[in-house]
Every structure is written in C-alpha cells, then in structure tokens.
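Taking it in order: structure first as structure tokens, then the write-up.
Proteins get letters first, then strands, A, B, ... in listed order; numbering begins at 1 in each.
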Amino acid sequence: MTISAPATVDELQTLIRDSERIHVIGKGSKTALHGNVNGAATVGLSEISGIIEYQPAEYTVTVRAGTAVHDLSAALDDEGQYLPFDPLLPAAATIGGVVAANLSGSRRFRYGGVRDFILGAEVVDGAGRAFRVGGKVVKNSAGFDLSKFLVGSLGRYAIMTELTFKVFPDVPRFRSLAFHYEQLEDALSAIYFINQSPYELDALDLVPPPLMNRGKKDGCWKLLARLAGFDETLPQRVERFSAAMTGETAPIQVKPLEDSASLWDPLAGLAGACLVKVALSPKQVPRFDEMVSRSPRRYGVGGNIVWLETEDIKQLDAALKSCELTGLCLRGVVESAVIGAPLENVLAARVKQVLDPQNKLV
Amino acid sequence: MNRALLAALENIYPADRLLTRDVELLPYESDALTAFSAKPGAVVLPVDEAEIIYTVRLCHEMAVPFVARGSGTSLSGGSLPIPEGLTIGLNRLNRIKKIDPQQRIAVVEPGVINLHITEAAQPYGLYYAPDPSSQSICTIGGNIAFNSGGAHCLKYGMTSNHVLGMKVVLADGAVTQFGSESIEGVGVGPDLVGLFVGSEGLFGIALEITVRLMPQPELYRTVLAAYDDLGRAGDAVSMVVASGLLPGAMEIMDRLAIKAAEASVNAGYPDAEALLIVELEGEAPQVNAEFEQLRRIIDASGAFESRVAKSEAERTRIWKGRKGAFSAVGRLSPDYIVQDGVVPRSRLGEALLEINALKAKYSLDVANVFHAGDGNLHPLILYDGREDGALEKAEALAGEILALCVNLGGSITGEHGIGMEKRDYLPAMFSEEEIDIMQALRLAIDPKEIANRGKMFPGGEAPALARQGMHPLERAGVISRE
C-alpha cells in the first residue's frame with residue numbers, strides 16, 4: 001500500500017480532485033478499516049498534525065487531525081485537563097482516527113462520548129472543497145451540526161483536517177474496586193442499581209469470567225468501578241459506595257484494586273487478531289452475550305459497549321444481525337470493517353450525495 | 001391557502017383540529033420573538049405520528065410550506081408561521097411512552113413538555129438535564145429543533161448531548177430512525193442524531209425521541225456573590241475555572257437585570273452592580289470539599305457579600321430570580337430583544353465593555369444576563385415599540401453585538417438558534433461556500449424547501465410584520481425567555 005501524506009490542506013484538496021477513489025488513514029492503527037479498499041489512493045494524515053490552539057481557560061483545544069492522541073493528551077495533562085471521552089488506542093492512534101471511528105474509552109461513562117465533546121472541524125469533502133463545520137467555542141448552535149455527523153463516519157463523507165474539542169479539568173485521584181458476581185444477571189442488576197444512584201463513577205466496566213474458568217468457583221463476573229475526586233474525600237466515598245453495593249446488590253466478593261491506566265484500558269486483555277467494537281444497551285447484553293460466550297470480551301461504559309475478539313467473523317456478523325446490532329472491526333483482515341446490521345440510512349445517503357457526489361471517499 | 005391541501009386535510013382532521021378561521025389562527029401568529037408575526041394559512045393539530053406523516057407527505061406533494069410548532073417559545077422566531085403555509089401543532093403528541101430507570105432512558109413524543117420528563121423520572125431518582133428557562137412549557141420537539149440549552153449546560157451539555165435516538169419524518173415524507181437505546185448510539189456510522197438536533201425544523205419532524213436521563217445529584221451547593229463591578233464578577237468566573245472546579249452552573253446578572261428580577265419575583269438579591277451564581281452538584285462528600293475551595297475563591301474575588309443557599313427553598317429562590325430575569329425585564333420596558341451571542345469566556349469582560357459603549361452610542365438600555373461558564377451572553381435590548389424607528393434601532397444594536405461576538409471568536413447563537421431573527425447574520429459566521437453546502441444539504445433532504453421555509457438561511461422569503469409588546473402568555477407569567 002502506497003500512502004500519500006499531504007503536508008497541507010491544499011495538497012489534500014489537490015489529491016482528492018485528482019483521484020478517483022480515496023481512502024483516508026491516520027497512522028493505520030485500526031488495520032481492519034484499511035482492508036478492502038482496492039484501487040483507492042490511500043491518504044495518510046500523519047503530516048497534518050500539531051496543536052493549533054489550546055486555551056485551558058476556555059476548555060477548548062483545536063488540533064490538526066493527524067496529531068497523535070498521545071501528544072494531545074500529554075499537552076492537556078500538563079494543564080490538568082483531559083478529553084473526557086477518553087480516546088482509545090492512545091499509543092498509536094491519531095485524534096482524527098478516533099473521531100472517524102468513534103472510539104471512546106471507559107471514562108466515557110462519566111461525561112459522554114466523542115460526540116459530546118466535538119465542537120467543530122475543518123474538513124475537505126469528496127468534491128475537494130475545504131470548509132469549516134461547527135464552531136470553536138464551548139457553546140454554539142449556528143448552522144447544521146455536521147461536526148457531530150462526522151463522528152463515526154469512517155472518512156466516507158469528508159476528511160477531517162482540524163478538530164476543536166471541549167475539554168474538562170481532570171480530577172486528581174482515583175480509586176478502583178471490583179465487585180464479583182456469580183451470574184451476569186446479578187452484575188447487570190448492580191449496574192441498574194448504580195444507574196439510579198447518586199454515586200458518580202468515573203468508569204464502570206464489566207469483565208466476564210475467564211474462558212478457561214467457566215463453571216468453576218472463581219469463574220465470576222467482575223464489575224470494575226472507579227471513583228475520581230479529591231484525595232481527602234475518596235476514602236469516605238469508596239466506603240459509602242461499597243456499603244451500598246454490598247447491601248443492595250449482594251456481590252460474592254468486593255476487592256479494592258490498584259488503579260492504573262491498563263486496568264482501565266478495555267482493550268488491554270484483548271490481544272487477538274480480530275477486534276470488534278459493538279454498541280448495545282445494557283438490556284441487550286444477556287441475549288448477545290449468550291451468542292458470544294466463547295469470545296474474549298469486555299463490556300465497557302456500564303454495559304453500553306462491548307469489545308470482543310473473534311476468530312469467526314461470519315458467526316459474529318450473524319449474531320449481530322439477529323440482535324439488530326452493528327459492529328466495527330478495528331483489527332484483523334476482514335472484507336468489510338462494518339459488520340452486522342447494515343448502516344444504510346436515507347438521511348446519511350442525502351448527506352453523502354452532497355459531500356461526496358462522485359463517491360470518491362471509501 | 002392551497003385549497004387542494006385543505007380539502008385533503010379535511011379528510012383526516014376533524015374541524016376542531018384543523019383551524020382556518022382568523023380567530024383560531026391568532027394564537028399561532030407569533031412565538032416568543034414577539035417583534036414578528038405572520039398569519040398561517042391553517043393550523044393542524046395531529047394526535048399521532050401517522051397524522052404527522054400523512055400531513056408532511058401532503059405538503060411535499062403539493063409544495064406547501066409547513067412549520068412544526070410546540071409551545072411557541074422560540075426566541076429566534078423559529079416557530080413563526082410561514083404566511084399562507086401550514087402550521088403543524090404538536091402539543092397533543094404529549095405521551096411519555098416509556099421510562100426505563102434501569103437504563104436511564106425515556107422515550108417520548110415531540111409534544112412532551114421538557115419539565116414533564118423530569119417529573120416522570122423523579123420517582124426513580126433521575127432527571128432530564130437540559131433546562132431552558134421556559135422548561136415548564138417548552139416541548140422536547142422544539143428543544144430538538146433548536147438544540148436548546150439552559151443554565152446547566154457547562155457540565156452535561158445541551159439537548160443534543162441528551163438525545164440518544166429518534167424516529168423522524170423528513171421533509172419529503174421519508175420516515176427513518178437513527179440512534180438507539182445505548183448511550184453509545186449505533187456505535188459506528190455518522191452521528192445522525194447529532195446532525196438532526198439543531199437543524200431548526202429544516203430537515204423534518206421528530207416523531208419519537210429517546211432521551212437519556214441523569215441521576216439527581218445528591219447535593220447542590222449554591223452560592224450567590226455580589227460585586228460592585230461587573231468585571232470583577234467575570235474575573236471570579238475565571239478564577240473558578242483556573243482552580244480546576246467544574247460547577248454545574250455559573251451565571252452572572254448585571255444591575256439592570258437584578259433590578260428587574262427584584263421587581264418581578266422579589267428574590268431578595270443584594271443591591272449590586274453584578275451578581276454571580278455558582279452551583280456545585282454531585283456526591284455529597286466531593287461537593288462539600290469542592291465547596292470549601294469555591295468559598296476561598298469567592299472570598300478572594302472581591303465580592304462584597306456572598307450568600308450560600310441553606311435549604312432547597314433558598315436555592316429555588318436564588319434561581320427563581322435568575323430564571324425569571326428575562327420576563328422581569330418586561331416590567332422595565334414595553335419591548336425588548338434578547339440576544340444569544342457567545343464569546344470565549346476569557347473575553348467576557350471585553351465583550352461587556354463593548355456592549356456598554358454600544359448602549360451609549362444607541363441611547364438604549366441593555367440588561368445583561370449570561371451563562372458565564374460557557375461565555376453565552378444574553379443581552380436584553382430595551383426599547384419602546386410605539387416609538388417610530390425604535391425597533392429598527394434596537395435591531396441595529398443587536399446586529400452590532402452579534403458582529404462583536406463573531407469578532408471575538410465566538411458565535412452568533414449559543415442556544416436559541418438562527419431562526420428568523422438572525423438569518424441575515426449567518427454569513428458573519430460562515431463563508432459563502434459553507435452556506436452553499438448547508439443549503440445543498442437542505443435541498444437534498446427537502447427539494448421543495450417546504451420545511452420551515454424562510455428560517456436559518458439569509459434572504460429567506462417569510463415576511464414578518466413588526467409589532468410590539470410581550471407575548472400574551474409571557475405577560476401572564478406563564479412563559480419566560482432565555
């Protein structure tokens with residue numbers, strides 16, 4: 001695969017105008033997205049990178065799309081701030097890729113996902129036009145909100161070259177706990193309890209029993225909960241939360257955990273060849289989980305996302321279709337990165353017709 | 001009015017839900033942007049989504065423009081009728097179809113009143129977060145069209161951030177669904193919910209909406225601080241932000257707005273040049289610790305008086321003055337225009353100085369109320385519509401304020417939308433090409449330009465008549481503007 005890496009928006013525009021089909025990548029960390037694009041010129045955005053404007057006092061940051069997530073997060077961290085949607089794959093991904101594939105991490109639980117923190121973007125569409133969508137301030141309702149539209153759009157409507165996000169002050173300290181349950185149903189009941197409680201968790205993930213231990217005594221479901229806040233308040237909050245969970249949800253065990261970035265990286269234990277993201281609602285979990293019980297997986301964001309490995313993409317595709325869910329393959333060699341229930345939608349098609357009338361962006 | 005359309009509407013709407021007589025149309029002639037009014041050709045009041053779909057398809061077929069309307073609280077004239085067009089009143093689609101507290105979601109029809117969702121969710125310890133000041137009367141359908149905000153948007157966002165899924169009828173009659181019951185939506189694919197919310201009724205009508213609910217905070221701590229200088233109140237906001245605190249709301253009112261609020265709801269505000277309201281919310285131990293930090297900041301910020309709400313009743317009283325400030329200004333002046341510009345927070349002081357200078361230039365009074373946390377200004381320009389040229393003068397001043405917001409790097413609207421009122425200012429924010437692209441998008445969805453024709457885009461046809469005075473409901477204290 002030859003990758004052209006334009007250094008400027010002008011060069012990108014020229015490339016698009018001169019090509020019949022274009023496939024855009026950041027740094028290519030999500031390999032499954034770049035499989036079946038035969039014949040398309042591949043454009044990498046790694047040269048269009050760097051922070052353009054960061055104003056901590058405004059809670060806003062404007063950054064070029066090819067900027068490494070790692071670099072952006074480090075710059076925010078220097079000012080005690082963060083991207084509350086918690087971008088995934090911080091080691092390898094570009095921020096544009098995170099937006100295009102809509103990849104929020106576990107901390108999304110507290111304040112929201114990519115869509116909730118994107119404020120605006122500069123894009124080049126399939127006709128080679130460069131223009132701005134959305135705004136640069138934390139609140140703006142002028143014009144159609146195409147910046148939200150681009151979240152999850154996989155580079156098929158317009159190529160983002162610059163992004164503006166809302167950022168928040170980060171909390172100084174964390175405490176993590178695991179609540180163990182024998183059955184999935186018990187763990188889900190605990191999530192429902194938390195959902196209606198005033199306890200404000202920074203993250204809430206559900207880890208199924210290890211495959212080799214299924215049916216054994218230690219083969220339990222682990223609900224991982226993280227609290228964030230001031231040092232002086234955390235002990236009291238952890239105690240209150242634990243007591244409430246113990247009283248209301250009857251875990252078989254409660255374990256304090258050492259908090260770390262890898263504990264809260266939902267992909268940390270998923271090293272298999274083919275990695276898939278699926279959004280679902282907590283109440284869809286039991287039925288879906290039965291179908292994927294042999295796949296290593298982790299439920300993130302209070303049971304609203306599942307990350308799973310599969311060796312049999314066809315079987316997963318069928319399972320997703322029967323649950324009317326759509327999956328996105330991030331890693332692996334696949335015919336199509338989007339599997340399960342198809343994404344076709346009349347409104348999306350109308351937008352495509354305007355932004356990419358010649359169907360150049362694939 | 002198109003006779004063939006009327007005849008077709010008569011086939012499904014009984015006479016009490018198809019309004020055509022002048023006296024019946026009168027209440028629909030304007031919304032909360034009272035400076036404008038227009039007479040619709042007819043008003044229909046559907047009771048279910050099938051009637052809405054049928055009506056939109058008829059309008060499309062016969063190329064008759066329509067506007068969907070909830071309670072008519074738009075401050076940008078978003079629900080102003082299209083002369084000789086059809087107004088589709090959605091208030092009767094007011095069912096809350098489902099509350100699922102376990103998943104923290106509600107499924108509602110477009111005519112459901114914003115506050116009613118919170119009331120239905122309250123028994124489960126949940127609430128619906130976006131809180132426009134008109135929340136006791138405005139509908140969720142209107143909130144979606146204009147991506148409504150409120151005083152508590154800084155932390156949890158606007159309407160768009162609280163809609164998970166919807167079923168809509170597009171302007172050409174196509175019916176489609178997007179999003180899901182998951183807070184992550186469909187997970188992949190363009191965010192269609194995000195595109196539809198805030199499209200000002202130009203894409204079509206939301207038929208059914210899935211919203212996310214939030215757990216009620218365990219504790220609120222609300223502080224009211226009084227300053228003898230508006231700039232100092234603005235500096236206090238910067239100090240709070242710099243400290244790393246993330247309050248649920250930060251609001252500022254200036255002297256004139258305070259005076260109006262006092263006259264209207266007797267909130268017991270101190271006599272001051274500026275008042276700052278800061279509200280912390282969340283888990284009790286954390287909020288109490290944050291509150292100590294906030295208190296130190298307020299003490300150091302030069303406030304000559306600060307009060308802490310000691311009970312829910314005191315908190316309500318503080319907010320009542322703030323939320324009623326707009327309609328309260330109606331007591332000081334026969335007419336006023338509300339603006340909704342946004343500036344980067346750090347340039348609030350500059351913006352206020354400029355607005356003061358403009359006040360002098362135009363010899364008009366301006367009361368300032370703003371969501372200081374997100375830089376969203378609501379200057380209220382006072383004028384007397386009975387005076388020749390007064391409205392035009394007020395509008396010219398409003399235009400200068402909008403230009404100022406754009407020049408400072410902000411936006412012409414934070415939460416009210418472009419609507420009828422600011423359509424001529426859209427080019428101040430977007431280039432010709434950007435507007436062309438948005439227009440092409442609209443045409444791809446609505447080739448006959450029938451959905452809310454004359455709004456958002458500059459130079460639209462919808463003529464409007466100047467008039468004066470408050471909305472009758474506003475005068476009666478039922479609705480308020482924000």
Checking [X] against chain B: side chain, backbone, both or neither under 4.5 Å from a heavy atom?
| X | result |
| --- | --- |
| A:I305 | side chain |
| A:I118 | neither |
| A:A158 | neither |
| A:L227 | side chain |
| A:R156 | neither |
| A:V138 | side chain |
| A:E58 | both |

Grab the two heavy atoms, one from [X] and one from [Y], that are nearest each other, plus how far apart they are.
| X | Y | value |
| --- | --- | --- |
| A:R132 | A:G135 | NH1-O, 3.4 Å |
| A:F168 | B:L154 | CZ-O, 3.4 Å |
| A:K166 | B:C153 | NZ-O, 4.0 Å |
| B:M429 | A:A142 | SD-CB, 3.6 Å |
| B:H416 | B:F146 | O-CD2, 3.2 Å |
| A:K30 | A:V98 | NZ-N, 4.2 Å |

Could you tell me which of [options] has the largest number of non-hydrogen atom pairs under 4.5 Å with chain A?
| options | result |
| --- | --- |
| B:G410, B:G125, B:S346, B:G244 | B:S346 |
| B:M438, B:Q216, B:E181 | B:M438 |
| B:P190, B:P215, B:S411 | B:P190 |
| B:L245, B:L192, B:L202, B:T176 | B:L192 |
| B:E218, B:E433, B:K422, B:Q102 | B:Q102 |
| B:L126, B:N147, B:I445 | B:I445 |

Original post:
When you check the side-chain N and O atoms of A:T164 and A:T62, is any donor under 3.5 Å from an acceptor?
Top reply: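 A:T164 vs A:T62: donor-acceptor pair found between side chains.
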Original post:
Quick one: do the A:S197 and A:N195 side chains pair a donor with an acceptor below 3.5 Å?
Top reply: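 No, A:N195 and A:S197 have no side-chain donor paired with an acceptor closer than 3.5 Å.
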Taking side chain as everything from C-beta outward and backbone as N, CA, C, O, which of these in [X] sits under 4.5 Å from a heavy atom of chain A? Side chain, backbone, both or neither.
| X | result |
| --- | --- |
| B:S148 | neither |
| B:V342 | side chain |
| B:M456 | side chain |
| B:D100 | side chain |
| B:I183 | both |
| B:K155 | both |
| B:S238 | neither |
| B:S431 | neither |
| B:D374 | both |
| B:V168 | neither |
| B:D446 | neither |
| B:E290 | both |
| B:S180 | neither |
| B:A440 | both |

So which of [options] has the largest heavy-atom pair count under 4.5 angstrom toward chain B?
| options | answer |
| --- | --- |
| A:F117, A:Y111, A:F193 | A:Y111 |
| A:Y199, A:Y192, A:F144 | A:F144 |
| A:T326, A:L154, A:N345 | A:N345 |
| A:G152, A:P169, A:A127 | A:G152 |
| A:G229, A:A57, A:G113 | A:A57 |
| A:Q353, A:E232, A:K277 | A:K277 |

Here's one to test your reading of the geometry: is the NZ or CZ of [X] within 45 degrees of the ring axis of [Y] and under 6.0 Å from its centre?
| X | Y | value |
| --- | --- | --- |
| B:R345 | A:Y59 | yes |
| A:K352 | A:Y157 | yes |
| A:R226 | A:F174 | yes |

**OP:** Could you give me the CA-CA distance, side-chain angles and deciding distance for B:D191 and A:R115, then say whether salt bridge (charged side-chain N to carboxylate O under 4.0 Å, His left out) is met?
**Re:** CA-CA 8 Å; B:D191 189 333; A:R115 70 183 305 273; 2.5 Å; yes
Determine, for [X] against [Y], whether the closest basic-nitrogen to carboxylate-oxygen distance falls under 4.0 angstrom.
| X | Y | value |
| --- | --- | --- |
| A:D202 | A:R110 | no |
| B:K455 | B:E200 | no |
| A:E200 | A:R237 | no |

Subject >> B:E421 and B:Q339: CA distance, side-chain angles, deciding distance, side-chain hydrogen bond (donor to acceptor under 3.5 Å, both in side chains) verdict >> reply: CA-CA 10 Å; B:E421 186 206 16; B:Q339 282 303 305; 3.0 Å; yes
Original post:
Sub-3.5 Å donor-acceptor pair from the side chain of A:D356 to the main-chain atoms of A:L361, do we have one?
Top reply: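 At least one qualifying donor-acceptor pair exists.
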Original post:
Do other residues, nucleotides or ligands put more than 12 heavy atoms under 6.0 Å from B:Q122 CD?
Top reply: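 Enclosed.
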Subject >> B:L170 side chain reached by A:V346 side chain, heavy atoms, under 4.5 Å >> reply: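 Yes, close enough: below the 4.5 Å cut-off.
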